[in-house]
Amino acid sequence: MTYEPIIGLEIHSELATATKLFCSCPTKFGAPANSQVCPICMGHPGTLPVVNEKAVEYMVRTALALNCKIAEITTFDRKNYYYPDLPKNYQVSQQYHPFGKDGFLEIKTGNGAKRIGLDNIHLEEDAGKNVHPEGKSVSFVDINRAGIPLVEIVTKPDLRDVEEVEIFMNDLRNILLYTGVSDCKMQEGSLRFEANISVRERGQNYMPPRVEIKNLNSFKIVLSAVKHEIGRQMKMLEKKETVLRETRLWDDEKQITRPMRSKEEAHDYRYFPEPDLPPLFISQEEIEKIKKELPELPNARKERFAVDYGLTEYDSNLLTSSKEMADFFEESLKVFNQLHPVRNSPDIASGRTISNGAKEIANWLIGPVTRYLNEHNISIKETKLTPELLVGITTYVHEGIINQNTAKNILPEILEKGKSPEELIKEKGLTQVTDEGEISRAVDKVLQANQQAVKDFQNGKTETLGFLVGQVMKITKGKANPKIAGELIKKGLKNL
Ligand code: ZN
Ligand code: MN
């Protein structure tokens, strides 16, 4: 029997407004507990909320970027429940007339493009935070976060495997970053995921009961939890067991999902229209105005990178897959073009100017830099690399002061310590050897020590040249100019 996972996501993202949704308290992260509060967000009786205009603008932006139908009239509702971090005993959310409906996000998977439907996106306020200090039998409540605006994005159950989930999360995060509506810092709780998962026999159409997994606060955790839950449900189906509709939590230590206590789960929110907030009317003109001011989105940037910089689709894809990387690329290019205006080459056919730097910088970012970031699981912003340093590296390589290999070897130190290539070259005596005499001596040694390779070359096996150049690089500790080494080897072989 083969099975098919059905996955939907619910995403909460804090909007990057300076003040809260219904009061003028600041939203800065990391302030002392309960220092950013007022009677409104503390839920004192008799206070009245006023909607933050910026939050509304950000919502429209998000809805437009996610291809949603935007409601002309949108209303707020109370979601009633008790929890110590919710002093009002209700959360203002949108149950009946959300901002956006029927949107989609198109992802590119190995099998081509796929539209992931978005059921709705709505605006709501965040709750406070309960703090449980370790080893103490006491808990604290911090209301700072209460009232920070959240956009909640609810997908349709259109995702089919862990890979699609990963691509979707990354693309969605990118759109939220590109539109500037959220900083998406997962470690600060600005972006939180919940997943709904069920599994059915492949080829069937019925909707099995779904399991909801709450509080997934990193991409890695979402992926581990989804993967584990799919496996758990498949095993149950194999054993002809019934999967119950329930809410489960991810246990990161044991790497499993476990059921939430049923008491925690039982809820009846008794939604009803928020009496203190009138319906919100958004005119077509307002929507059009926001549309015009919409920043460039990832797909548009991808196309522009290909057209303006002459990059391949593959390169532009990788560079724009994170906003940080795309920004870094363009800033580096600016630095490059200031330094080397002559290395721009006009494209005769189109009359455009194609910067040679584009390909050079793209190669560095996509290749060694990305490899390093993946190995250390960090973003480019978390390194000490700056556009100036990166352009410095390419310049030293271009001018033949160091070779590509040496540059790659010193890259980690630049990324970690922010040392300039110049400093490192001096410190380590890395200057590339272009002196023919010195390389010549190394070539002689190599040819003598590798008689078999020499014979092979003379018998027409020209690929041994690469091996011989490698040997010269080894003797010179990587400092020889490989081009000169290659030429000298060829000369040497002829004269043998
Ligand atoms: Zn307040
Ligand atoms: Mn919510």
Side-chain angles (χ1 to χ4, degrees), residues 8-15 17-29 31-55 58-59 62-63 66 68 74-83 85-101 118-129 141-155 172 176 181-182 184 186 189-196 212-217 222 247 260 264-265 267-272 274 276-277:
L9 294 176
E10 286 173 32
I11 302 100
H12 284 93
S13 181
E14 282 183 354
L15 295 175
T17 54
T19 56
K20 292 187 182 179
L21 184 52
F22 299 121
C23 61
S24 51
C25 289
T27 55
K28 237 174 118 331
F29 180 83
N34 298 308
S35 63
Q36 300 180 344
V37 294
C38 75
I40 297 173
C41 52
M42 285 193 292
H44 288 190
T47 54
L48 281 174
V50 177
V51 180
N52 182 336
E53 199 181 345
K54 201 78 192 164
Y58 283 179
M59 279 303 290
T62 312
L66 295 173
C68 288
T74 178
T75 58
F76 294 96
D77 304 288
R78 286 190 185 178
K79 180 180 180 177
N80 299 283
Y81 68 97
Y82 168 78
Y83 208 62
D85 65 8
L86 191 76
K88 287 198 264 193
N89 283 340
Y90 59 83
Q91 177 194 27
V92 177
S93 180
Q94 299 189 292
Q95 175 75 354
Y96 303 112
H97 301 286
F99 262 86
K101 267 188 170 166
L118 303 174
D119 183 80
N120 79 82
I121 74 168
H122 61 264
L123 179 60
E124 61 185 31
E125 58 180 339
D126 209 345
K129 227 181 194 170
V141 180
D142 179 4
I143 303 298
N144 278 353
R145 202 177 67 177
I148 289 182
L150 288 175
V151 53
E152 179 170 345
I153 299 161
V154 183
T155 78
L172 180 70
L176 297 174
V181 299
S182 176
C184 293
M186 294 193 85
S190 298
L191 186 61
R192 282 126 55 185
F193 287 87
E194 287 166 28
N196 296 310
E212 194 180 334
I213 313 174
K214 280 193 177 289
N215 297 337
L216 303 169
N217 46 24
V222 175
T247 304
M260 225 177 178
E264 286 175 312
E265 199 198 336
H267 41 55
D268 175 359
Y269 293 127
R270 295 227 152 208
Y271 282 98
F272 67 82
E274 163 63 59
D276 289 340
L277 289 164

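Source: prediction; values computed, not measured. We count ligands from 1, going down the list as the structure has it; atoms in each ligand are counted the same way.
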Taking [X] for its side chain and [Y] for its backbone only, find out whether a donor-acceptor pair lies under 3.5 Å.
| X | Y | result |
| --- | --- | --- |
| Asp126 | Leu150 | no |
| Gln36 | Arg145 | no |
| Asn34 | Val141 | yes |

**Q.** Leu15 side, atom CG; Leu123 side, atom CG - distance, nearest 0.5 Å
**A.** 6.5 Å
Q) Close to the Mn ion (ligand 2), meaning under 2.8 Å, how many protein N, O or S atoms are there? A) 3
Q. With a 4.5 Å heavy-atom cut-off, do Asn52 and Lys20 have their side chains touching?
A. no
Q. Are side-chain heavy atoms of Val92 and Pro49 found at a separation under 4.5 Å?
A. no
(Q) With 2.8 Å as the limit, count the protein N, O or S atoms near the Zn ion (ligand 1). (A) 4
(Q) Could you check whether Lys79 pairs with Glu124 (Lys NZ or Arg NE/NH1/NH2 to Asp/Glu carboxylate O, under 4.0 Å)? (A) no
(Q) Determine whether Lys129 and Asp85 satisfy the following criterion, side chain to side chain contact (heavy atoms under 4.5 Å, CB included), listing intermediate values before the conclusion. (A) CA-CA 5 Å; Lys129 227 181 194 170; Asp85 65 8; 5.6 Å; no
Q: Pick out which of His122, Arg192, Gln94 makes a side-chain hydrogen bond (donor to acceptor under 3.5 Å, both in side chains) with Glu152.
A: His122
